[in-house]
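Below, each value reflects all heavy atoms present in this structure, side chains not excepted, and no hydrogens, waters or symmetry copies.
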Amino acid sequence: MKVIELNRSVTDSNDRDAEALRRELKEKGVLLINLMSSPGSGKTTLLSRTIQDLSTEIRIAVMEADIESAVDAERIEAMGAAAIQIHTGGMCHMDAGMTRKGLEEMGEERAELVFLENVGNLICPAEYDTGAAKDVMILSVPEGDDKPLKYPLMFAKSDVLVITKTDTAPYFNFDFEACKKRVQRLNPRIRIFEVSARTGEGMQAWEEWLKEELAAWKNR
Amino acid sequence: MHEMGIVLHLAKTLDDLAEEQHISKIGSVTLRVGEVSGIMTDLFVDAWNYFKVKHPVLAESELKLESEPAVTICDACGKTYETIRYGKICPFCGSEETWLLQGNGCVISEIEAECEEESE
């Protein structure tokens, strides 16, 4: 036996898969957005509203990754977007291989904007590249403004933070300024949106960003 | 469950490596595990022993774990300190402007392997 020095990441094979998937999706002009958050942060509600507002202009599809059940996919299909439910079989996160399989099953040519709703969890999904063009994390007001202190990696690696359920702020003592300051310390280049999918407040800025990203992805 | 995910990815990374470098058998795998990576080392070895038999190249391999100390640097005074002992607040100047330098990762540092030509 010989000793081989490696110094390679344990997720090296996933990182390479993810890079290849990103390249393929770029060629096809499909913008994949990886949505990460804890359970109950309002991902599906945010998506339902986004689909409702944008589906006349953009062909949207959603991949729902859950350990069990198909409730979310049913809610999304009711809004008029293609949806596919991926069961991760007990795994706490999505990786590039699972994402690719989901896209193939769905037929990614059916959409130009695909949302991957990752497993509800602020820890593991942050560590695995799914091949998405952008990583978006959602933090809902009821979860509290201290979350950046507890789950720094998720905030550090996301391109965008969407703070949801802003209409509930009066009940939860959520300090927006303190939260943003904590997030920006971890990640100075992060974009932050504040929305309420229920009242519609702030939705326009988020949707404009999606449109700009899609246009840029197709042109670049 | 987190450990299971990492083990699956590690096995895949090693399978790819074996194909790339014509390795027929891996004898040992040494991982450098960061002190604050959140990986439970006992569970990790159990998960490895459970999964390795599904990969012919890895079936007889032994997993060796080395700990990488966690070190934090303070932006305010520029000193470094032990993360586990002092946490987020700099013990020298009391600043909270501190950043983790190392200790969060999990890297394959080396493997012992038998290549195809040797085994024949």
Side-chain angles (χ1 to χ4, degrees), chain A residues 1-20 65-68 88-101 118-130 146 148-157 178 181-182 184-188, chain B residues 1-34 36-39 44 48 60-65 68 75 87-88 96-100 104-115 117-119:
Chain A
M1 292 236 176
K2 62 176 180 184
V3 174
I4 304 174
E5 266 192 52
L6 278 181
N7 286 320
R8 209 180 261 199
S9 159
V10 284
T11 56
D12 184 66
S13 121
N14 183 61
D15 297 346
R16 285 196 260 176
D17 269 6
E19 208 44 61
D66 274 307
I67 290 177
E68 282 298 335
T88 59
M91 290 283 267
C92 50
H93 62 273
M94 286 292 287
D95 62 25
M98 287 189 264
T99 304
R100 179 191 294 277
K101 238 173 104 188
N118 215 313
V119 180
N121 173 344
L122 288 182
I123 305 169
C124 319
E127 298 186 28
Y128 297 92
D129 192 341
T130 57
D146 61 344
L149 302 175
K150 298 191 174 176
Y151 305 99
L153 182 65
M154 180 60 81
F155 289 87
K157 77 152 272 197
K181 218 175 125 194
R182 286 168 184 153
Q184 276 154 352
R185 268 198 59 209
L186 293 166
N187 183 347
Chain B
M1 223 151 52
H2 186 59
E3 282 69 20
M4 181 178 98
I6 301 168
V7 162
L8 285 178
H9 285 283
L10 170 63
K12 175 104 199 311
T13 296
L14 291 171
D15 267 349
D16 288 357
L17 179 84
E19 209 184 303
E20 188 185 293
Q21 305 203 3
H22 308 288
I23 291 167
S24 55
K25 193 170 141 192
I26 292 181
S28 74
V29 180
T30 308
L31 290 189
R32 210 162 49 239
V33 181
V36 295
S37 65
I39 294 170
F44 200 73
W48 176 256
E60 290 164 43
S61 64
E62 184 198 351
L63 187 65
K64 297 178 183 169
L65 301 177
E68 179 189 60
D75 258 1
K88 186 80 189 131
E96 281 186 43
E97 301 284 320
T98 59
W99 305 90
L100 188 66
N104 194 28
C106 181
V107 171
I108 311 167
S109 52
E110 61 179 41
I111 60 169
E112 280 180 283
E114 215 164 77
C115 291
E117 309 88 274
E118 296 174 38
S119 61

Rounded to the nearest 0.5 Å, what separates atom CD1 in B:I111 from atom NZ in A:K2? 9.0 Å
Any side-chain heavy atom of A:S13 within less than 4.5 Å of one from B:H9? no
Side chain, backbone, both or neither of B:E97 within contact of chain A (heavy atoms, under 4.5 Å): both
B:I108 pairs by side chain to side chain contact (heavy atoms under 4.5 Å, CB included) with which of A:V10, A:I4, A:D12? A:V10
Heavy-atom proximity to chain B below 4.5 Å, by part of A:N121: neither
Close side-chain approach of B:E112 and A:V3, heavy atoms under 4.5 Å: yes
A:L6 and B:E110: side-chain contact (heavy atoms from CB on, under 4.5 Å), yes or no, with the steps? CA-CA 5 Å; A:L6 278 181; B:E110 61 179 41; 5.8 Å; no
Check this for me: does any side-chain nitrogen of one of A:K181 and B:E96 sit under 4.0 Å from a carboxylate oxygen of the other? no
For a quick test of reading the model, state the closest non-hydrogen atom pair linking A:H93 to B:G5 and the distance between them. CE1-CA, 3.9 Å
Should the pair B:D16-A:R16 be classified as a salt bridge under the 4.0 Å nitrogen-to-oxygen rule? no
Closest contact, heavy atoms only, A:T11 versus B:T13: C-OG1, 3.9 Å
Interatomic distance, A:M1 atom CE to B:S28 atom OG [nearest 0.5 angstrom]: 8.0 Å
Test: B:R32 and A:E5 ion pair at under 4.0 Å: no
Output all residues satisfying side-chain contact (heavy atoms from CB on, under 4.5 Å) with B:K88, sequence neighbours left out; order by chain, then residue number. A:R185, B:T98
Run the side-chain contact (heavy atoms from CB on, under 4.5 Å) test on A:D17 and B:K12 for me, step by step, so that the C-alpha distance in whole Å, both residues' side-chain angles and the decisive distance to 0.1 Å come before the verdict. CA-CA 11 Å; A:D17 269 6; B:K12 175 104 199 311; 3.5 Å; yes
B:Q21 atom CD, neighbour heavy-atom count above 12 within 6.0 Å: yes
Would you give the length of the straight line joining atom CD1 of B:I6 to atom SG of A:C124, rounded to the nearest 0.5 angstrom? 7.5 Å
Based on non-hydrogen pairs under 4.5 Å, which of B:N104, B:L8, B:L31, B:L17 is most in contact with chain A? B:L17
